[in-house]
S.K.: 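Have a look at this one.
The figures here come from the full heavy-atom set of this structure, side chains too, leaving out hydrogens, waters and symmetry mates.
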Amino acid sequence: TQLADTIQSYLASVGSNYVNIVGHSQGGMDARKAAKLLRERKGFTVVKNVVSVSSPHRGSPVAKYILDLGPGVSSVIAALATYYGNIVYASGNDAFAAAKQLVYNDYSSTDGISTGAKLFNTNNPVATTYAGNYASVFTAQQGVDVNPALYLLSNLFYNIDGDGYCVDD
C-alpha cells in the first residue's frame, strides 16, 4: 500500500499517468499489489510493466526452511538482529509473521490467520487488468533463469521448490 501511495504521489508531481516498476525479492510482490491498488484507485491500468527479480511468487524455500526449524527459528531471528540491528525486534516487526507470508501454502492453518504466497497470488493475480506486462527473472524454480544462489542451495542442501512446484500462478 505504501508503494502505491508513493507512486501515486510521484505521478501527480511529474504529471504522468503511467509508470514501470522493477522490484527485487519482496519488492516484486509489492509491485504486483501496488499495480492492482493503482488500477482500483485510478480506474485504468497505471502500471505498464512489472519486472520482478528473484521474487518469491511461488513461496520462499528459505522462509519455509527457517520456520521448519521450530524452536531454532529464534536463533535465526537473533542472527538477523545481529546483522541488521534491533530493528528486527522493533514494534510492528514480526519476523515469524513475515516468514509465514513468504511460504507457499498457509504455514499454520490453525492460527486463525491466512498467509502464504498462494493466497497472495489469488488476491493479487498476474493480470493485464493491473499491469500491461509482467516478467520475472531469477526465480526459485529450476530453469534457465534460476537464481544462482538458490540453485546451489538446491543441489547441495535443500529442495528449493519449498512446498512443492506451483502451477497455479
S.K.: Do side-chain atoms of Arg58 reach the backbone of Tyr104 as a donor and acceptor pair under 3.5 angstrom?
M.R.: no
S.K.: Starting from Phe120, can I reach Leu3 by hopping between I/L/V/M/F/W/Y residues whose side chains sit under 4.5 Å apart?
M.R.: no
S.K.: Are the side chains of Lys42 and Leu37 in contact, using a 4.5 Å heavy-atom criterion?
M.R.: no
S.K.: Do you know the tightest heavy-atom contact between Ser114 and Leu119?
M.R.: CB-CD2, 3.5 Å
S.K.: Take Tyr130 and Arg32 through the test side-chain contact (heavy atoms from CB on, under 4.5 Å) and record every step on the way to the result.
M.R.: CA-CA 8 Å; Tyr130 306 126; Arg32 285 176 47 200; over 6 Å; no
S.K.: Just so I know, are the side chains of Val50 and Asn133 near enough to count as touching, which here means a heavy-atom distance under 4.5 Å?
M.R.: no
S.K.: For residues Leu67 and Val103, report the shortest heavy-atom separation together with the two atoms involved.
M.R.: CD1-CG1, 3.9 Å
S.K.: Check this for me, if you would: do Lys100 and Asp106 make a salt bridge, where the nitrogen-to-carboxylate-oxygen distance has to be below 4.0 angstrom?
M.R.: no
S.K.: Is any side-chain heavy atom of Leu102 less than 4.5 Å from a side-chain heavy atom of Lys64?
M.R.: no
S.K.: Tell me the closest heavy-atom pair linking Leu38 and Val47, and the distance in Å.
M.R.: CD1-CG2, 4.0 Å
S.K.: Which atom names give the shortest non-hydrogen contact between Ala31 and Ile21, and what distance separates them?
M.R.: CB-CG2, 3.4 Å
S.K.: What distance separates Ile7 CD1 from Arg41 CZ, expressed to the nearest 0.5 Å?
M.R.: 9.5 Å
S.K.: Please check if the side chain of Ser55 supplies one atom and the backbone of Ser52 the other of a donor-acceptor pair under 3.5 Å.
M.R.: no
S.K.: Are any of the side-chain heavy atoms of Val19 and Leu11 separated by less than 4.5 Å?
M.R.: yes
S.K.: How close do Ser25 and Pro56 get, heavy atom to heavy atom, and via which atoms?
M.R.: O-CD, 3.6 Å
S.K.: If you define the side chain from C-beta out and look only at heavy atoms, does anything of Thr129 sit under 4.5 Å from Phe44?
M.R.: no
S.K.: Does any N or O in the side chain of Thr122 come within less than 3.5 Å of the main-chain N or O of Lys118, such that one atom is a donor and the other an acceptor?
M.R.: yes
S.K.: Taking atom NE2 of His57 and atom OH of Tyr134, what is their separation to the nearest 0.5 Å?
M.R.: 10.0 Å
S.K.: Rounded to the nearest 0.5 Å, how far apart are CD1 of Ile113 and CD of Gln101?
M.R.: 8.5 Å
S.K.: Can a donor-acceptor pair be found between the side chains of Asn49 and Tyr18 at a distance below 3.5 Å?
M.R.: no
S.K.: Answer whether the closest heavy-atom distance between the side chains of Lys36 and Arg39 falls below 4.5 Å.
M.R.: no
